[in-house]
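To keep things clear, I will list the structure first and then write my remarks on it.
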2 protein chains.
Amino acid sequence: MTSNIPQGPVRKLAEAARDASHAVAALQPAQRRHLIEAMADAVDADRDTVLAANASDLAQARRNGAGAAMLDRLALDAARIDGIVAGLREIAALPDPVGQVTRSQTRPNGLIVERVRVPLGLIAMIYEARPNVTADAAALCLKAGNAVILRGGSEALSSNRAIAASLHRALRACDLPEAALVLVENPAREHVLELLQLTDLVDLAIPRGGEGLIRFVAEHARVPVIKHYKGVCHLYVDRAADTARATRLLLDGKASRPAVCNALETLLVHADIAGEFLPDALDALQRRGVEVRGCERTRALYPAAGIAEDADYAAEFLDLVIAVRVVDSLDAALAHVARYGSDHTEVIATEDTQAAAAFVRGTRSSAVMVNASSRFNDGGSLGLGAEIGISTTRLHAYGPMGLESLTIERYVVRGAGQVRHPDLLEAFTDAP
Amino acid sequence: MTSNIPQGPVRKLAEAARDASHAVAALQPAQRRHLIEAMADAVDADRDTVLAANASDLAQARRNGAGAAMLDRLALDAARIDGIVAGLREIAALPDPVGQVTRSQTRPNGLIVERVRVPLGLIAMIYEARPNVTADAAALCLKAGNAVILRGGSEALSSNRAIAASLHRALRACDLPEAALVLVENPAREHVLELLQLTDLVDLAIPRGGEGLIRFVAEHARVPVIKHYKGVCHLYVDRAADTARATRLLLDGKASRPAVCNALETLLVHADIAGEFLPDALDALQRRGVEVRGCERTRALYPAAGIAEDADYAAEFLDLVIAVRVVDSLDAALAHVARYGSDHTEVIATEDTQAAAAFVRGTRSSAVMVNASSRFNDGGSLGLGAEIGISTTRLHAYGPMGLESLTIERYVVRGAGQVRHPDLLEAFTDAP
């Protein structure tokens with residue numbers, strides 16, 4: 001072995017989790033469903049303990065001077081516990097992907113070749129301050145037959161411990177090893193680094209959080225990582241757009257929930273329709289509190305707009321800000337997306353099916369929407385059920401990742417003694 | 001950007017290849033087929049040039065003291081050129097995976113959600129001295145709609161240049177940019193390192209070669225890597241095995257081509273059948289030149305066997321050597337595979353369907369064979385057509401990788417103006 005796999009304290013945790021992964025994989029679908037339901041029951045029953053632990057995290061965060069956004073992400077209340085419990089019940093009810101035969105064929109030599117969906121093994125989740133991720137991510141990984149090792153933000157440690165204790169109780173009640181779900185409690189950065197380098201134990205790392213966290217994970221991981229850095233999502237309003245429809249897509253995409261990755265960040269408008277579309281559309285945006293930053297042609301049509309710098313077109317504002325550019329053609333819009341986009345979600349508003357086809361063909365993003373809001377790029381809206389993340393990695397999964405993305409297909413081959421080179425066997429007189 | 005993406009000389013090559021990838025992706029299936037056929041024609045027409053270049057590589061390798069195995073991998077002759085040309089024609093004729101709609105559903109709100117297969121983008125192949133990989137790998141990547149950047153062993157540089165020149169001629173004849181296929185000619189190791197860190201340009205790196213090369217790539221890559229380190233493949237002869245059938249699987253698996261990754265390395269035999277099976281089976285192996293290294297119980301039954309050390313059970317011999325162990329149960333066989341295996345291929349010989357099911361369930365390897373030779377784990381035998389490699393990465397692809405593994409599914413959504421939060425739009429009196 002020429003590789004340098006670390007041998008620190010996280011290794012023991014990961015070894016136990018990897019061992020436990022076999023027990024989770026071996027469960028029947030009904031048993032995995034029962035396990036996740038038991039987890040929902042346990043969190044529901046332990047809500048007072050979880051809320052008390054969360055209150056202690058919140059008090060500590062306030063003492064540390066955490067801002068309002070951080071406190072909001074960290075805070076749990078009765079409604080959010082209800083949301084966690086309901087989310088677990090939804091995951092429990094999803095179809096079980098494990099064991100599904102995705103293809104089957106009989107080869108000319110009689111071999112029956114099946115592709116069968118199996119769990120990935122051990123999944124590491126690296127996330128920030130939201131304690132609900134502890135329950136969601138654990139349930140999704142376990143439902144897909146995997147073990148999971150969780151490393152949440154240190155601000156949420158007490159909350160995560162309390163939630164993990166509930167989930168462990170459910171594992172024990174189902175006669176499963178607690179190590180199927182491991183919480184890395186030590187906040188030291190070296191422990192994350194060690195986890196990310198356990199190439200013999202960890203099958204996949206999924207970071208969830210801000211771009212800084214994701215870049216840290218991507219740059220230090222030796223294990224495979226699936227991620228998206230950011231969502232710089234574009235709406236292109238084609239010359240053949242229905243302007244009322246385009247305006248609705250714009251307002252929903254930008255203003256319905258600006259802090260999420262599938263919100264719009266940039267509006268591109270064909271020059272032929274800009275005069276008709278932009279003034280009213282941007283006015284409607286501004287009345288919803290959106291700051292508009294435009295190119296010169298945008299500002300000529302809508303003087304209230306600020307100036308868009310080059311950096312604004314690459315920005316994921318995650319806020320009530322939008323960059324606007326007037327373009328001379330669909331090709332110019334595609335060139336803009338190719339230069340500034342993040343492979344996340346692009347939208348075209350057009351009534352011209354050829355323009356729609358050219359836009360779909362010309363973008364490589366994980367989701368392309370024709371006359372539909374960018375906000376639909378999530379697992380629930382696209383019919384996957386619950387979502388563990390969105391991938392722009394362009395490998396394994398591209399776009400929203402549901403249960404299926406937490407499994408892989410392998411080959412099971414059934415024969416009757418077929419060999420590859422019968423001729424070589426027969427060449428010996430002792431041929432059996 | 002907090003990431004540190006290198007800006008060296010390989011970057012320019014990769015940028016050109018990434019640009020060219022759009023042209024390859026945009027081709028119609030008939031055009032991609034024609035391109036690969038043109039490549040076959042070009043190599044066929046240029047065979048004298050390729051052979052002359054190869055002769056110069058061989059002469060240089062001999063001056064450098066290369067061994068017989070290296071010279072054999074490096075050498076081309078008329079038959080091998082025929083093989084390259086025939087391989088390209090087979091790839092041309094494979095079904096085109098790009099554009100395939102793998103799933104389609106209509107959501108309750110009328111959205112039509114399609115999963116559509118698209119190319120990965122730019123694939124980097126890192127390989128050793130076999131010049132045929134230059135043609136095979138390039139054709140597979142292009143057939144799946146990708147651009148490719150090739151970095152072969154420096155021993156084969158003249159041969160690779162000559163083959164790449166032929167392939168470039170075919171690209172030009174099809175009005176495609178030559179940069180769709182880039183050969184990195186500079187042998188400096190820094191250039192490989194740079195290539196492996198171009199996370200904004202390279203979508204996937206596939207190393208092909210010995211374990212040393214693969215570990216080097218895996219340890220230095222920041223781009224995603226799909227690989228297998230080695231194939232430590234097991235045959236487990238169950239107590240309910242048909243011994244004649246098991247012997248055939250053993251001889252084919254070990255002796256038909258020992259230097260490949262799907263050859264057997266270890267034989268596990270249930271104690272109840274060892275006395276009946278082992279003496280004759282090991283005798284047949286030895287008469288085929290195979291050196292047997294066994295545990296004590298093996299040596300008691302077959303005294304001609306050498307001693308198997310612990311390291312022998314972890315070894316990929318790639319040679320006429322086999323490690324043998326007698327085990328007390330199917331579970332003990334599974335525990336051995338879990339400890340020493342490489343997730344590549346495992347075989348059970350048994351007439352007991354329950355034992356077969358337990359073996360399939362209890363192994364996590366990319367291919368599990370019931371009463372069939374381990375040698376069938378390749379793309380051709382399992383019905384994938386040509387193969388770009390075998391993955392034990394347990395992500396994206398697991399087992400033999402064909403054209404489909406060089407693509408990814410993304411989401412295309414067609415609507416009629418649907419928005420995620422119509423309620424928020426209507427809340428304003430200017431609601432469009």
Side-chain angles (χ1 to χ4, degrees), chain A residues 2-3 26 105 107 111 113 118 120-121 203-204 212 215 219 222 224 244-245 247-249 251-252 255-256 284 287-288 360-361 364 366-373 375-376 381-383 393-396 398-399 408-421 424-425 428 430 432, chain B residues 2-3 26 105 107 111 113 118 120-121 203-204 212 215 219 222 224 244-245 247-249 251-252 255-256 284 287-288 360-361 364 366-373 375-376 381-383 393-396 398-399 408-421 424-425 428 430 432:
Chain A
T2 57
S3 63
Q105 63 167 314
R107 303 290 304 155
L111 286 182
V113 179
V118 291
L120 294 178
D203 294 288
L204 171 64
R215 291 208 180 270
E219 286 175 22
R222 294 254 55 86
R245 199 173 253 189
T247 304
R248 288 171 62 86
L249 298 179
L251 297 177
D252 188 68
S256 66
R287 269 179 289 123
R288 283 161 175 83
V360 168
R361 215 169 37 236
R364 46 173 266 149
S366 73
V368 188
M369 310 282 181
V370 177
N371 294 325
S373 173
R375 297 292 326 289
F376 287 120
S381 299
L382 298 186
T393 304
R394 218 175 165 80
L395 209 72
H396 186 78
Y398 197 35
I408 185 73
E409 295 165 36
R410 69 162 176 176
Y411 289 84
V412 175
V413 181
R414 296 171 204 282
Q418 286 91 334
V419 297
R420 180 82 176 260
H421 289 292
L424 293 183
L425 293 187
F428 280 71
D430 67 341
Chain B
T2 56
S3 62
Q105 62 167 316
R107 303 290 305 154
L111 287 182
V113 179
V118 291
L120 294 179
D203 294 288
L204 172 63
R215 290 205 180 271
E219 285 175 23
R222 295 253 54 86
R245 198 174 254 189
T247 304
R248 288 170 63 85
L249 298 179
L251 297 178
D252 189 66
S256 65
R287 268 177 292 122
R288 283 158 176 85
V360 168
R361 214 168 38 236
R364 45 173 268 150
S366 72
V368 188
M369 310 284 183
V370 176
N371 293 325
S373 173
R375 298 289 329 287
F376 286 120
S381 299
L382 299 186
T393 304
R394 217 173 166 81
L395 208 72
H396 187 76
Y398 196 36
I408 185 75
E409 295 165 36
R410 70 161 175 175
Y411 289 85
V412 175
V413 181
R414 296 172 204 282
Q418 286 93 333
V419 296
R420 179 83 176 259
H421 289 291
L424 294 181
L425 293 187
F428 279 72
D430 67 340

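In the text below, chain A, chain B and the rest are named by the order of the sequence lines, each starting its count at 1.
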- Query: Once you round to the nearest 0.5 Å, how far does CE of Met369(B) lie from CZ of Arg414(A)?
  - Reply: 12.0 Å

- Note on the structure: CG of Leu204(B) to OG1 of Thr393(A), rounded to nearest 0.5 Å, is 11.5 Å

- Sequence neighbours excluded, which residues qualify as salt bridge (Lys or Arg N to Asp or Glu O under 4.0 Å) partners of Arg222(A)? none

- Item | Max heavy-atom pair count under 4.5 Å with chain B, selected residue of Ser373(A), Ala26(A), Ala255(A) | Ser373(A)

- Message: For the backbone of Arg420(A) and the side chain of Arg375(B), can you confirm whether one donor and one acceptor N or O come within less than 3.5 Å of each other?
- Response: no

- Message: Between Asp252(A) and Leu424(B), is there a side-chain heavy-atom distance shorter than 4.5 Å?
- Response: no

- Message: Looking at chain B, which one of Pro224(A), Gly121(A), Ala416(A), Ala367(A) has the largest number of heavy-atom pairs inside 4.5 Å, strictly under?
- Response: Ala416(A)

- Message: Going by side chain to side chain donor-acceptor pair (under 3.5 Å), name the residues that satisfy it together with Asp203(B), two or more places apart in sequence or in a different chain.
- Response: Arg364(A)

- Contact part of Leu395(B) toward chain A, heavy-atom cut-off under 4.5 Å: side chain, backbone, both or neither? both

- Task: Answer whether the closest heavy-atom distance between the side chains of Val413(B) and Val368(A) falls below 4.5 Å.
- Result: no

- Under 3.5 Å, side chain of Arg394(B) to main-chain N/O of Leu120(A), donor-acceptor pair present? yes

- Item | Backbone N/O of Leu382(B) and side chain of Gln105(A): donor-acceptor pair under 3.5 Å | yes

- Message: Can you confirm whether Gln418(A) sits close enough to Phe376(B) that some side-chain heavy atom of one is under 4.5 Å from a side-chain heavy atom of the other?
- Response: yes

- Any idea which of Ala372(B), Gly383(B), Ser256(B) has the most non-hydrogen atom pairs under 4.5 angstrom with chain A? Gly383(B)

- Query: For Ile408(A), is it the side chain, the backbone, both, or neither that has a heavy atom closer than 4.5 Å to a heavy atom of chain B?
  - Reply: side chain

- Task: Using atom types as modelled and distance alone, determine if a side-chain donor or acceptor of Arg410(B) lies under 3.5 Å from a backbone N or O of Gly399(A).
- Result: no

- Residue part contacting chain A, namely of Val113(B), when any heavy atom lies under 4.5 Å: side chain

- Portion of Ser366(A) that has a non-hydrogen atom of chain B nearer than 4.5 angstrom: backbone

